[in-house]
Structures are given as structure tokens and as C-alpha cells.
Amino acid sequence: MMPVELPVPPSANHLWRSISRRTRTGSTKTFVVMSKQYKSWLEEAVLLLRCGLPKVKCYPVCIRITITGGKGWRADRDLDNATKGVVDAIKHAERITDDSTDYVRRIELEYRPAADKKDHSCCVVDIVELIR
């Protein structure tokens, strides 16, 4: 498969947020909702994935994620917090049946510093079939 370039996903720490709402009875209930930042990124990523990656037909697979630094990437950011959004986007784009270990056996994550700090950061995604 050909790799697909996505914008860098939000950190896993910023995918969801809690909101509290008062119910009709006057009690307070807390809900967990998708953050605006994540929702916006997810919509763009799903479109790019649907255009660039075919649906996977043979399992299990390895998802390869390469983050290249630059504008939009903080050097003190945790690399592993980029994984959740990318894998979820691949599933939302229906490129994989599911992200459980029945289907995804390996996730490879790499960071490459920017050649020029003026360049924008990016996230390149590739899915490869694993030999059974």
C-alpha cells in the first residue's frame, strides 16, 4: 500500500473532554465528549485515508506511523500520545475492520526531526500485511 500523509494528530491527552450538565431533577451528570480539536482533525484524517488507502482485506496487519517534526510539533511532546488518534482514524475511515489485536498485531511508531524547522510537521501512515 502507498503511505498517506496526514496532519499530526492531537495528543491522546486532548482527544476527549468531560462536561457536566444539570439534569431535570437538579442533579449533575458528567459526560465524556470528543474535543473540537480532535473532531476537526478526525474529519480531515478520515477523508485523506479514504482517498489514499485501500481497505485492508488480509489480516493481521502492522500499522506504521512516522511523525516528522516541524511547525505544529513540540519537541517535549510524548510520541506515544500520537498513536491513538491515528489508529482510530484508520478504523473510522473503514480501512481496517477493527483495531483489536485480532486484526492489528503491531504498531510501529517513529519520530524524525524536521530537516528545516520552518517546515510543517506531518504524520505518514502505512498499513502492511503481516506474514502468518
Side-chain angles (χ1 to χ4, degrees):
M1 288 191 191
M2 292 292 295
V4 173
E5 186 174 316
L6 306 175
V8 172
S11 169
N13 298 327
H14 300 288
L15 302 183
W16 306 95
R17 63 186 201 100
S18 297
I19 59 169
S20 296
R21 295 280 190 240
R22 212 173 265 292
T23 66
R24 289 184 207 178
T25 62
S27 63
T28 303
K29 186 166 183 170
T30 302
F31 300 91
V32 177
V33 297
M34 192 180 293
S35 71
K36 289 179 184 177
Q37 178 187 13
Y38 181 43
K39 186 175 183 177
S40 175
W41 177 86
L42 189 61
E43 287 172 356
E44 182 177 358
V46 165
L47 287 174
L48 291 168
L49 289 163
R50 285 184 177 159
C51 291
L53 276 182
K55 287 185 180 184
V56 172
K57 295 184 184 345
C58 297
Y59 293 95
V61 297
C62 169
I63 297 174
R64 294 181 186 159
I65 304 166
T66 304
I67 305 282
T68 302
K71 287 184 181 179
W73 181 268
R74 289 189 355 250
D76 65 343
R77 181 174 167 180
D78 289 346
L79 181 61
D80 64 334
N81 282 344
T83 307
K84 178 68 175 154
V86 173
V87 175
D88 284 353
I90 293 168
K91 184 172 181 265
H92 281 283
E94 299 174 336
R95 303 299 92 182
I96 58 175
T97 302
D98 194 36
D99 58 355
S100 70
T101 54
D102 285 339
Y103 299 93
V104 179
R105 297 279 171 85
R106 184 183 313 151
I107 298 172
E108 296 176 1
L109 181 60
E110 178 183 2
Y111 173 75
R112 295 181 182 165
D116 183 347
K117 292 189 179 193
K118 294 178 183 177
D119 292 338
H120 282 279
S121 58
C122 70
C123 173
V124 176
V125 180
D126 192 15
I127 302 174
V128 294
E129 181 182 345
L130 292 173
I131 298 169
R132 296 178 195 214

Does some side-chain heavy atom of [Y] sit less than 4.5 Å from a side-chain heavy atom of [X]?
{"X": "H14", "Y": "Q37", "result": "yes"}
{"X": "W41", "Y": "P7", "result": "yes"}
{"X": "V33", "Y": "R17", "result": "yes"}
{"X": "L42", "Y": "M34", "result": "yes"}
{"X": "R64", "Y": "V128", "result": "yes"}
{"X": "V56", "Y": "T97", "result": "no"}

Distance-minimising heavy-atom pair for [X] and [Y]:
{"X": "R50", "Y": "A93", "value": "NE-O, 3.4 Å"}
{"X": "V32", "Y": "S18", "value": "CG2-OG, 4.1 Å"}
{"X": "R77", "Y": "V8", "value": "NH1-CG1, 3.5 Å"}
{"X": "A89", "Y": "V46", "value": "O-CG2, 3.9 Å"}
{"X": "A82", "Y": "P9", "value": "O-CG, 3.4 Å"}
{"X": "L48", "Y": "E5", "value": "CD1-O, 3.8 Å"}

Exactly one candidate in V125, V124, T66, I65 meets side-chain contact (heavy atoms from CB on, under 4.5 Å) with P3; the answer is V124
Point-to-point distance, once rounded to the nearest 0.5 Å, from [atom1] of [X] to [atom2] of [Y]:
{"X": "D88", "Y": "L15", "atom1": "CG", "atom2": "CG", "value": "7.5 Å"}
{"X": "I96", "Y": "K55", "atom1": "CD1", "atom2": "NZ", "value": "12.5 Å"}
{"X": "C123", "Y": "W73", "atom1": "SG", "atom2": "CH2", "value": "8.5 Å"}
{"X": "I19", "Y": "F31", "atom1": "CD1", "atom2": "CZ", "value": "7.0 Å"}
{"X": "L130", "Y": "R105", "atom1": "CG", "atom2": "CZ", "value": "8.0 Å"}
{"X": "C62", "Y": "I107", "atom1": "SG", "atom2": "CD1", "value": "8.0 Å"}

